[in-house]
Protein chains: 2
Amino acid sequence: MLTYTEENYLKALFKISFDNDNEEVGTNELATYLAVKPATANDMLKKLKDKGLVDYEKYGKITLTKTGKKFAIDVLRKHRLWETFLFEKLDFSWDEVHEVAEQLEHIQSQKLVDKLDKFLNYPEFDPHGDTIPNKKGEMKVQFKKTLSEVAVGSSCKMVAVKDNSSSFLQYVVKVGLGINNEIKVLSKQEYDKLTDIEVNGVKSSVSQKFAENIFVVCKNCAVGKPCSEPSVCEIK
Amino acid sequence: MLTYTEENYLKALFKISFDNDNEEVGTNELATYLAVKPATANDMLKKLKDKGLVDYEKYGKITLTKTGKKFAIDVLRKHRLWETFLFEKLDFSWDEVHEVAEQLEHIQSQKLVDKLDKFLNYPEFDPHGDTIPNKKGEMKVQFKKTLSEVAVGSSCKMVAVKDNSSSFLQYVVKVGLGINNEIKVLSKQEYDKLTDIEVNGVKSSVSQKFAENIFVVCKNCAVGKPCSEPSVCEIK
DNA sequence: TAATAAAGTTAGATTAATCTAACAAATAAA
DNA sequence: TTTATTTGTTAGATTAATCTAACTTTATTA
């Protein structure tokens with residue numbers, strides 16, 4: 001049985017490597033992500049190595065073992081199922097679910113997870129558009145890109161956010177955006193990449209940083225496939 | 001903010017005094033209840049006293065302060081709301097809810113409790129028949145007695161159980177009993193108080209110990225009032 | 001009421017998770 | 001290729017919750 005903290009370290013390792021698209025993670029990177037000091041992360045890595053959950057050599061990079069990854073995915077699954085529950089059943093808003101799910105994800109009961117999954121009708125994506133691993137740990141991959149990569153003149157559909165922080169999500173709502181909204185990219189400033197978009201007939205401007213945190217699929221790309229037709233759906 | 005453990009100590013103190021119908025609790029009693037050593041309980045009591053949550057003098061008895069009681073009731077409220085959720089929404093069985101609720105009761109989010117309460121339609125009793133404190137900390141009191149106190153020949157309705165352990169609850173189910181069942185007390189052995197009862201037309205015998213852990217209200221007593229008519233509804 | 005038992009306390013140790021401060025290794029830059 | 005910077009490690013300390021073992025107080029009872 002893992003402690004609350006051990007679970008958080010495994011989840012962090014999984015998410016960092018997923019975001020970086022690189023299995024290898026550094027100690028400082030991990031420490032920063034978890035808002036602890038490198039010394040703390042280092043101690044924990046030794047423990048996780050002893051338990052066979054990470055592969056790690058002194059001064060080397062960290063990777064999750066197969067078992068470690070299994071645990072990480074399980075925590076992620078619980079987190080996202082709870083977020084879905086809070087959003088769909090308890091009427092929490094989009095930006096409020098994360099914080100509470102951070103606590104709920106550590107509840108230990110296989111039965112609870114299974115029954116919650118069933119109660120929610122086996123959802124595949126959470127309220128932020130992130131994929132929910134199924135019981136076997138399999139995840140539906142969505143071939144998405146960021147709004148910043150969509151060519152001027154193209155239309156796309158928002159499917160997820162990269163940044164799950166409450167402050168970013170509140171900003172997203174303020175701009176009038178939400179999951180499944182259609183976004184048309186009207187123009188982009190060459191100088192600072194400030195992008196003019198149109199959502200539900202309303203025009204607004206978003207920064208490069210903002211656009212990099214919005215995940216979309218292009219309107220004319222087949223669902224579940226990478227955007228394959230640059231003529232129809234160009235990538236910057 | 002209280003730790004997980006502090007919450008458990010406060011809840012234990014509240015439940016012990018409630019069960020004993022006596023505000024004052026002893027260190028050893030508390031330690032036994034929580035399955036820790038008296039030394040451990042003693043350390044924690046000092047901390048809870050410093051925080052103003054219990055009144056306690058060296059070698060004296062322990063009572064909860066007003067603040068301490070408030071926290072205890074809040075944990076109890078969360079526990080029982082979660083039990084109700086697990087039972088009613090997730091289809092957990094009667095004897096499975098307690099263990100998971102022990103974990104869920106420590107999730108910190110006022111909003112979550114409020115929304116869960118609403119989702120469950122403001123329930124007043126949990127699946128074991130225990131009263132659920134409302135947001136203000138008020139609890140509906142049910143004037144119940146134990147099955148062992150019901151006179152031979154009387155009928156009563158089961159409203160709750162005293163022992164919430166999984167093993168007891170499974171036994172209750174096996175005997176064919178459940179909340180709201182009508183129980184007729186047919187006869188009782190003078191020697192060992194073995195009691196013959198009838199539930200849904202099925203006869204069975206239960207021990208004194210068993211009967212002391214089943215809460216009932218007498219059939220002919222007004223709801224919400226103590227059993228006041230010994231002629232109709234005698235108490236042993 | 002003195003002896004015994006029960007209840008409660010203290011001191012010292014342990015484990016998990018964290019920190020600071022000092023140090024070592026690896027990498028990047030001049 | 002040496003120096004500087006970044007990255008990672010170690011040692012020693014702290015806090016929360018727990019333990020064992022020895023001790024003290026209070027309560028019971030013979």
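We use all heavy atoms of the structure for the numbers below, so side chains are in, but hydrogens, waters and symmetry mates are not. None of the values given here were measured: they were computed from a predicted structure. Here is the naming used below: chain letters follow the sequence lines, and residue numbers restart at 1 for every chain.
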Interatomic distance where [atom1] belongs to [X] and [atom2] belongs to [N] [whole Å]:
| X | N | atom1 | atom2 | value |
| --- | --- | --- | --- | --- |
| B:D50 | D:dA16 | CG | P | 11 Å |
| B:K49 | C:dT9 | NZ | C1' | 14 Å |
| A:N8 | C:dA16 | CG | P | 17 Å |
| B:L2 | D:dA16 | CG | C1' | 14 Å |
| B:N42 | C:dA6 | CG | C1' | 15 Å |
| A:Y59 | D:dT5 | OH | P | 19 Å |
| B:Y9 | D:dA16 | OH | C1' | 11 Å |
| A:I62 | D:dT7 | CD1 | P | 13 Å |

Quiz item: Can a side chain N or O of B:K61 be found less than 4.0 Å away from OP1 or OP2 on C:dA7?
Solution: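 Checking B:K61 against C:dA7: no side-chain N or O falls below 4.0 Å of OP1 or OP2.
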
Self-check item: D:dT10 phosphate, OP1 or OP2, under 4.0 Å from A:K46 side-chain N/O
Solution: yes

Considering only nitrogen or oxygen atoms on both sides, find all protein atoms under 3.5 Å from nucleotides 19-21 of chain D and state each distance.
{"unit_1": "D:dC19", "atom_1": "OP2", "unit_2": "B:K37", "atom_2": "N", "d": "3.0"}
{"unit_1": "D:dC19", "atom_1": "OP2", "unit_2": "B:T40", "atom_2": "OG1", "d": "2.4"}

Quiz prompt | Touch class at under 4.0 angstrom, heavy-atom based, for A:Y56 against every strand present | solution = sugar-phosphate

Self-check item: Side-chain touch B:I62/B:E29, heavy atoms, less than 4.5 angstrom
Solution: no

Geometric cation-pi criterion [X] and [Y], 6.0 Å radius, 45° cone:
| X | Y | answer |
| --- | --- | --- |
| A:K115 | B:F92 | yes |
| A:K49 | A:Y56 | no |
| B:K89 | B:F119 | yes |

Self-check item: Test item: A:H128 side-chain N/O and A:W94 main-chain N/O as donor-acceptor pair under 3.5 Å
Solution: yes

Quiz item: If only atom types and distance count, is the side chain of A:T63 paired as donor or acceptor with the main-chain N or O of A:E23 below 3.5 Å?
Solution: no

Quiz prompt | 5' priority, DNA chain C, between A:K58 and A:T3 [closest heavy atom] | solution =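 On the 5' side of the pair lies A:T3.
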
Quiz item: Heavy-atom contacts under 4.0 Å between residues 12-31 of chain A and DNA chain D, which residues?
Solution: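 Heavy-atom cutoff 4.0 Å gives A:G26, A:T27, A:N28.
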
Self-check item: B:Y4 ring center within less than 6.0 Å of A:Y4 ring center
Solution: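 No.
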
Self-check item: Verdict with supporting geometry, B:F210 and B:L177, side chain to side chain contact (heavy atoms under 4.5 Å, CB included)
Solution: CA-CA 12 Å; B:F210 184 96; B:L177 270 172; 3.9 Å; yes

Practice problem: Return yes when atom NZ of A:K69 has more than 12 non-hydrogen atoms of other residues, nucleotides or ligands closer than 6.0 Å, and no otherwise. | Solution: no

